[in-house]
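Scope of the values below: all heavy atoms of this structure, side chains included, with no hydrogens, waters or symmetry mates. Just so you know, these numbers come straight off a predicted model, no measurement behind them. Remember, it's 1-based here, ligands and their atoms both numbered in the order they're listed.
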Amino acid sequence: MKILKETKAFETVTSELLIIGVRKNSNQVKGWEQFISFFGDSFEEFIKSGDIDTGSKKLTKIPVITSNQNLKRILFVGLGDQKTLTDQILRETFGLVGKELKKLKATNISIWLESFTAAPIDENDIAFLSAEGIGMGYYTIPHYKTTSNEPNTYIESVEFVTEADIDELVASFKVGKVYADSVNEARSLVNKPPNLLTAPDLADYAVELAKQYDFEVEILNKAELEELGMGGILAVNRGSSIEPRLITLKYKATEEWDQVVGLVGKGVTYDTGGYSIKPKASMVGMKGDMGGAAAVLGAMRIVGETRPDQNVVAVIGATDNMISSDAMKPDDIITTYSGKTVENLNSDAEGRLVLADAVTYAKQQGANYLIDVATLTGGVITALGFDKTGALSNNEAFFDAFIEASIETGEFVWGMPLTENDKKRIRKSDVADLNNSPGSDGHMIFGGGFVGEFVENTPWIHLDIAGTSDSKSGNDIGPKGGTGVMVRTMATFIERFQELQQERNSF
Ligand code: BES
Ligand code: ZN
Ligand code: ZN
């Protein structure tokens, strides 16, 4: 993004495209008189007649000829009823604007800020949401066709037509853009084919991120994992000819390495199911089984850009789940890094084995709070569908704070119960401490609950994104494919961590 500037008058707008919010009572907006006197009364008529649609999320594009030679058209953005307009609706509306801008190939835009103002959304939030929504809406999946990829760059310049303080608006807009760009990076990781994104590739990506944002980074290879006795991730990796990696990034915000939030991601770069092989139709799409890792890396990118006053450690277990003569078998007994043993009843329940070791390692690296995020079970889809992330937690206040962050970002998270009876079933085995597949009834809870066995008393949230990480149809803020879900919520949670903690008298 090259230019960010303001203009106070329509005469001096320098872009070809001006974006204006409209609703039935737009004529009450500050600056409306100037608008009419510059563009003419007919626009008021168009709004009254419905030729410019004021309905929520309705876009109307109109060419204009004025004394301003730069300006070629206006994109009117319907805001619907002001009383029902929320941050999320505005985010989604700007997502649709982003899709439209892509169609128009418009990269230099002007936004008349005051036309979007509506209580309780203030000007800085509008600036933030416009950048976030447009950025996410603009995203296109990189492809491998022989035709070249369209560049994913958007907004080379933006100009606000406003009377408001431009410095704050610019700052908010820039943060919104960081959020969108980071979501889009996570999406691209999820969308990458598995032959082009292996565990070592994922580790290389993390190293690059660390260089860019000055994170401490550690990559453990197979020999090092063997040395440490990380039997969980190694068991999953046994069927593969590609090495696993355990990726650790540290963002140190304070002198003392305390109050550390740990983000733990499942980075299964391909899940065949192993010897408990998936039916062929369910295997397609399993390139996205590293969605948790992508979410963690996306959130870390935001942390790297915005540099909050909060220590963070990220741990990602990366491997694929393949079949060979040496692959793990149902009936195998696995000794995890924690020392706990697991009876492998289903080699397709591999994510929890990887997470077990990653969680133990995150605790060892100083995590005082844990969030694990994973495409862990089909069960969460059965329970909640494709638009809600399923969650478990062992700490009510900690979970409540996370929900607050998720409401701010508009990403649905729904808590599920983890009962003593569930735990009993996870611990039921004649030959080991735990089993990795207690049954198919309500099994989202068994998947997350298994990870909880390694968390012990650390405040913890488990996020099962199997339904939400990959979208079959796309939505207002993005195309089908990787969604980058939980990137924004985890980053917002980290950004607001201390405040959320104080509001609840600690966790
Ligand atoms: N990676 C899958 C979960 C998944 C399913 C992700 C659909 C995305 C879309 C996971 O490793 C898995 O296979 N889970 C099994 C668990 C079962 C064997 C206990 C499942 O959900 O069937
Ligand atoms: Zn699996
Ligand atoms: Zn999996």
Side-chain angles (χ1 to χ4, degrees), residues 189-191 194 197 199 202 232-233 235-240 244 264-295 316-323 327-332 334 342-358 372-390 416 422 425-426 428-429 434-451 462-472 480-483 485-486:
L189 285 173
V190 171
N191 291 330
L197 188 78
L202 204 56
I233 184 170
V236 177
N237 181 254
R238 270 179 54 177
S240 181
V264 178
K266 171 178 172 182
V268 172
T269 54
Y270 201 74
D271 183 10
T272 64
Y275 273 108
S276 311
I277 193 165
K278 285 182 183 296
K280 57 180 176 285
S282 352
M283 207 183 292
V284 177
M286 280 302 142
K287 65 176 183 178
D289 212 16
M290 32 54 71
I316 289 165
T319 174
D320 47 7
N321 184 24
M322 303 297 285
I323 301 176
M328 75 166 155
K329 300 167 289 294
D331 289 346
D332 276 357
I334 295 155
V342 182
E343 181 180 7
N344 177 34
L345 295 180
N346 190 328
S347 66
D348 198 10
E350 84 298 340
R352 64 201 76 183
L353 300 173
V354 173
L355 288 171
D357 286 355
D372 80 83
V373 53
T375 47
L376 205 63
T377 67
V380 76
I381 303 172
T382 310
L384 297 174
F386 290 103
D387 58 350
K388 293 154 221 91
T389 292
M416 307 288 264
D422 295 322
R425 290 180 62 186
I426 294 164
K428 188 167 177 291
S429 168
L434 306 168
N435 79 82
N436 70 341
S437 186
S440 56
D441 49 323
H443 73 96
M444 175 266 168
I445 293 168
F446 296 136
F450 182 93
V451 180
H462 163 70
L463 300 168
D464 193 334
I465 57 169
T468 48
S469 173
D470 221 323
S471 167
K472 283 194 169 44
K480 65 179 183 181
T483 60
V485 74
M486 289 302 119

Result of checking Pro244, Pro194, Ser240 against Asp320 for side-chain contact (heavy atoms from CB on, under 4.5 Å): Ser240
Are any protein N/O atoms closer than 3.5 Å to the N/O atoms of ligand 1? If there are, list each pair with names and the distance to one decimal place.
residue: ligand 1; atom: 1 (N); partner: Lys266; partner atom: NZ; Å: 3.4
residue: ligand 1; atom: 1 (N); partner: Asp271; partner atom: OD2; Å: 3.1
residue: ligand 1; atom: 1 (N); partner: Asp289; partner atom: OD1; Å: 2.9
residue: ligand 1; atom: 1 (N); partner: Asp289; partner atom: OD2; Å: 2.9
residue: ligand 1; atom: 1 (N); partner: Thr375; partner atom: O; Å: 3.4
residue: ligand 1; atom: 11 (O); partner: Lys266; partner atom: NZ; Å: 3.2
residue: ligand 1; atom: 11 (O); partner: Asp271; partner atom: OD2; Å: 2.9
residue: ligand 1; atom: 11 (O); partner: Asp348; partner atom: O; Å: 3.0
residue: ligand 1; atom: 11 (O); partner: Glu350; partner atom: OE1; Å: 2.9
residue: ligand 1; atom: 11 (O); partner: Glu350; partner atom: OE2; Å: 3.0
residue: ligand 1; atom: 13 (O); partner: Lys278; partner atom: NZ; Å: 2.8
residue: ligand 1; atom: 13 (O); partner: Asp348; partner atom: O; Å: 3.0
residue: ligand 1; atom: 13 (O); partner: Asp348; partner atom: OD1; Å: 2.7
residue: ligand 1; atom: 13 (O); partner: Asp348; partner atom: OD2; Å: 3.1
residue: ligand 1; atom: 14 (N); partner: Leu376; partner atom: O; Å: 3.3
residue: ligand 1; atom: 21 (O); partner: Gly378; partner atom: N; Å: 2.6

Might you point out which heavy atoms bring Thr319 and Val236 nearest each other, and give the distance in Å? CG2-CG1, 3.8 Å
For the student: nearest non-hydrogen atoms of Thr468 and Phe386, plus distance: CG2-O, 3.6 Å
Could you please tell me which protein N, O or S atoms lie under 2.8 Å from the Zn ion (ligand 2)? Asp271 OD2, Asp348 O, Asp348 OD1, Glu350 OE1
Is the closest side-chain heavy-atom distance between [X] and [Y] below 4.5 Å?
| X | Y | answer |
| --- | --- | --- |
| Met444 | His462 | yes |
| Leu355 | Leu376 | yes |
| Arg352 | Ile426 | no |

Under 3.5 Å, sequence neighbours excluded: what are the donor-acceptor pairs made by side chains of residues 277-288?
residue: Lys278; atom: NZ; partner: Asp348; partner atom: OD1; Å: 3.1
residue: Lys278; atom: NZ; partner: Asp348; partner atom: OD2; Å: 3.0
residue: Lys287; atom: NZ; partner: Asn191; partner atom: O; Å: 3.0

Could you tell me whether the side chain of Asn344 and the main chain of Lys329 form a donor-acceptor pair under 3.5 Å? yes
According to salt bridge (charged side-chain N to carboxylate O under 4.0 Å, His left out), who are the partners of Asp289, at least two apart in sequence or on a separate chain? Lys266
